[in-house]
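This report concerns only the one structure given below.
Convention: sequence-line order gives letters A, B, ...; per-chain numbering from 1.
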Amino acid sequence: MQIYNTFSRKKEEFTPLNPPLVTMYMCGPTVYNYFHIGNARSFIMADIVRRYLQFCGFDVKFIMNLTDVDDNIIKKALEEKRPADEVAQFYSNAFFEDINKLKIKPATTYPKATMHVQEMINVINELEKKGIAYNVDGNVFYDISKFPSYGKLSGKKTDELESGSRVEINEAKRNPLDFALWKKAKDGEPSWDSPWGKGRPGWHIECTAMSTKHLGKSIDIHAGGNDLIFPHHENEIAQSEACFEQKFVKYWMHFGFLNIQNEKMSKSLGNFFTARDVLAKYSAETIRLFFAQTHYGGPLNFSDELLNSAKKGCEKISNLIEVAENQIRNNSQEGVDPEFDFQKYRNDFMSVMDDDFNTPQAVAVIFDFIRAINKIIAENEKINVRFFHQVKLMLKETAYDVLGIVDMDEKHTDSNLSIENELIELLIKVRDELKKEKQFSLADQVRDGLAKIGITIKDTKSGVTFKRD
RNA sequence: GGUGCUGUACCCAAGUGGCUUAAGGGGAAGGUCUGCAAAACCUUUAUUCGUCGGUUCGAAUCCGACCGGCACCUCCA
């Protein structure tokens, strides 16, 4: 398997440090707002990477942190006139609701920054002992001049950065590029005791502390959006490698942005849609297919037109699932056993996914498969149920388990729904009788009436099926 | 100013030296099936990959120049 490593700017053979274990860390949200659909792209693509590694038999330990104390949260707390921890709790809950709706598999753990302040203090202490961190009146900064390879991930040279920098000069820093490890508390801000007085951690230090604690000093994969390469991930490397004196991350993965009219969707520009707003219009599967149809590293525009196109694609997949499930219910032992090389498609799927998670090609393999199967179904009068079991299995493994672009969740039918189903079945039977009597206008009344309330009827060879919108 | 990414059909998008005289999805057009629909199937929709040169037996793929688009260098996935 090959993974594109931002660090080397090349695809590299993926060899985890301690197979079959894979340690994966993803920079999670700062919980001061609902996350937007651009954030969702990163979360979903990381989810697909993680699912595929598991599909390949790796034992993936996947950590995603929650930043639950920072400037933005404090600002939001002032705006909403409630305590910062309440704001963080509120948006953490919203975060979990949304990723659940997006069918993102839960991480192994979601460590919170505020639960790891002691670990962060320990790292800062160590850096201070080594003479890399310096304390100016209760603010502790990282001295980048003490880390000669600073800039190695982003390819930035510190002298060039200085000349073009628009950073507001903080007089306390020795060098404008030095970054805060510990921030002195102002009145009314959340704070913790520390060797440097009351304060709170800087942003970058939490990932160093939490990734080390939960995954070890060296990890396999560290993922995040493109905008985190500099300075966030650069700073994480500086902190971790200066403190622990070993390579921090083997593979750096970065996700491209979701754009709106070719401009980055971002909270600061205000040109964003929240994931929950988009989920109100489109299913998780549609959103996931929309993302999977583009390679994770490139930019991608967001529009209703593109989402609708993905929606049609999803329907194509679920239509076949429906046919297969319908046939499996009928359980026909009669009919032909068509010759079909399921393994070929499975192998194709794996070989393109092995190539740096080429989800657009993986999706193409699935659609090729679907067309081939539909053709066989169209050409044969009766097909043995064994065939449909295999069809379903193939789609379950690829489209459902790995990509999550089709809904095959176990449905727990509540009693209202099952009465409803029986009523629909009854109407379908009545329509069937009407058709036999050639009373087509009445039969169409039934079909159109059901369509109006969002139930679509299809006459197929294996009988009539219905589906809710 | 520095750094990195990017330009493929009507839209989205893969492919990065011969397997491709370019996957897949959507859209459009025609046909088959159907009482009619829907779904599905078949056919058509880029001899061409921003432009111009070069390297090569061979290039969308490598090199150079030029023209666009975007991002990072400040919190942001």
Mind checking who [N] pairs with, Watson-Crick or G-U wobble, both distances under 3.5 Å?
| N | answer |
| --- | --- |
| B/rG58 | none |
| B/rG64 | B/rC52 |
| B/rA40 | B/rU32 |
| B/rC70 | B/rG4 |

- [ ] Please indicate yes or no: is the ring centre of A/F367 less than 5.5 Å from the centre of the six-membered base ring of B/rG24, with the two planes inclined by under 30 degrees?
- [x]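 The base of B/rG24 is not stacked with A/F367 (the test needs centres under 5.5 Å and planes under 30°).
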Ignoring the backbone of [X], work out which of [options] is nearest its side chain.
| X | options | value |
| --- | --- | --- |
| A/T456 | B/rG2, B/rA38, B/rA71 | B/rA38 |
| A/N319 | B/rG25, B/rC72, B/rA40 | B/rA40 |
| A/F230 | B/rA40, B/rC70, B/rC72 | B/rC72 |
| A/D459 | B/rA37, B/rA40, B/rA14 | B/rA37 |
| A/T294 | B/rA14, B/rC73, B/rG35 | B/rA14 |
| A/P231 | B/rA71, B/rC75, B/rC36 | B/rC75 |
| A/L306 | B/rC11, B/rC41, B/rC75 | B/rC11 |
| A/N358 | B/rC70, B/rG35, B/rA14 | B/rA14 |
| A/Q293 | B/rC70, B/rG24, B/rA23 | B/rG24 |
| A/K458 | B/rA39, B/rG35, B/rG25 | B/rA39 |

For [N], does OP1 or OP2 lie under 4.0 Å from any side-chain N or O of [X]?
| X | N | value |
| --- | --- | --- |
| A/K316 | B/rA40 | no |
| A/K267 | B/rC75 | no |
| A/R371 | B/rG24 | yes |

Students often get this wrong, so: under 4.0 angstrom with heavy atoms, is [X] touching a base, only sugar-phosphate, or nothing?
| X | answer |
| --- | --- |
| A/L228 | sugar-phosphate |
| A/G224 | sugar-phosphate |
| A/K311 | nothing |
| A/D368 | sugar-phosphate |
| A/D71 | nothing |
| A/M265 | base |
| A/S154 | sugar-phosphate |
| A/F255 | nothing |
| A/K312 | sugar-phosphate |
| A/H254 | nothing |

Would [X] and [Y] pass as an ion pair if we require N to O under 4.0 Å?
| X | Y | answer |
| --- | --- | --- |
| A/E397 | A/K392 | no |
| A/E379 | A/K375 | yes |
| A/E234 | A/K156 | no |
| A/D47 | A/R51 | yes |
| A/R431 | A/D444 | no |

TODO: Taking the side chain as every heavy atom from C-beta outward, state whether A/L450 and A/F466 have any pair of such atoms under 4.5 Å apart.
DONE: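 SC-SC contact between A/L450 and A/F466 ruled out.
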Open item on the list: Just so I know, are the side chains of A/F147 and A/Y142 near enough to count as touching, which here means a heavy-atom distance under 4.5 Å?
Closed with: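 A side-chain contact under 4.5 Å exists here.
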Task: Of A/N308 and A/L258, the one whose closest RNA chain B nucleotide lies more 5' - done: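 Per heavy-atom nearest nucleotide, the more 5' residue is A/N308.
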TODO: Specify the residue among A/A364 and A/R431 whose closest nucleotide of RNA chain B lies further upstream toward the 5′ end.
DONE: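 Its nearest nucleotide being more 5', the pick is A/A364.
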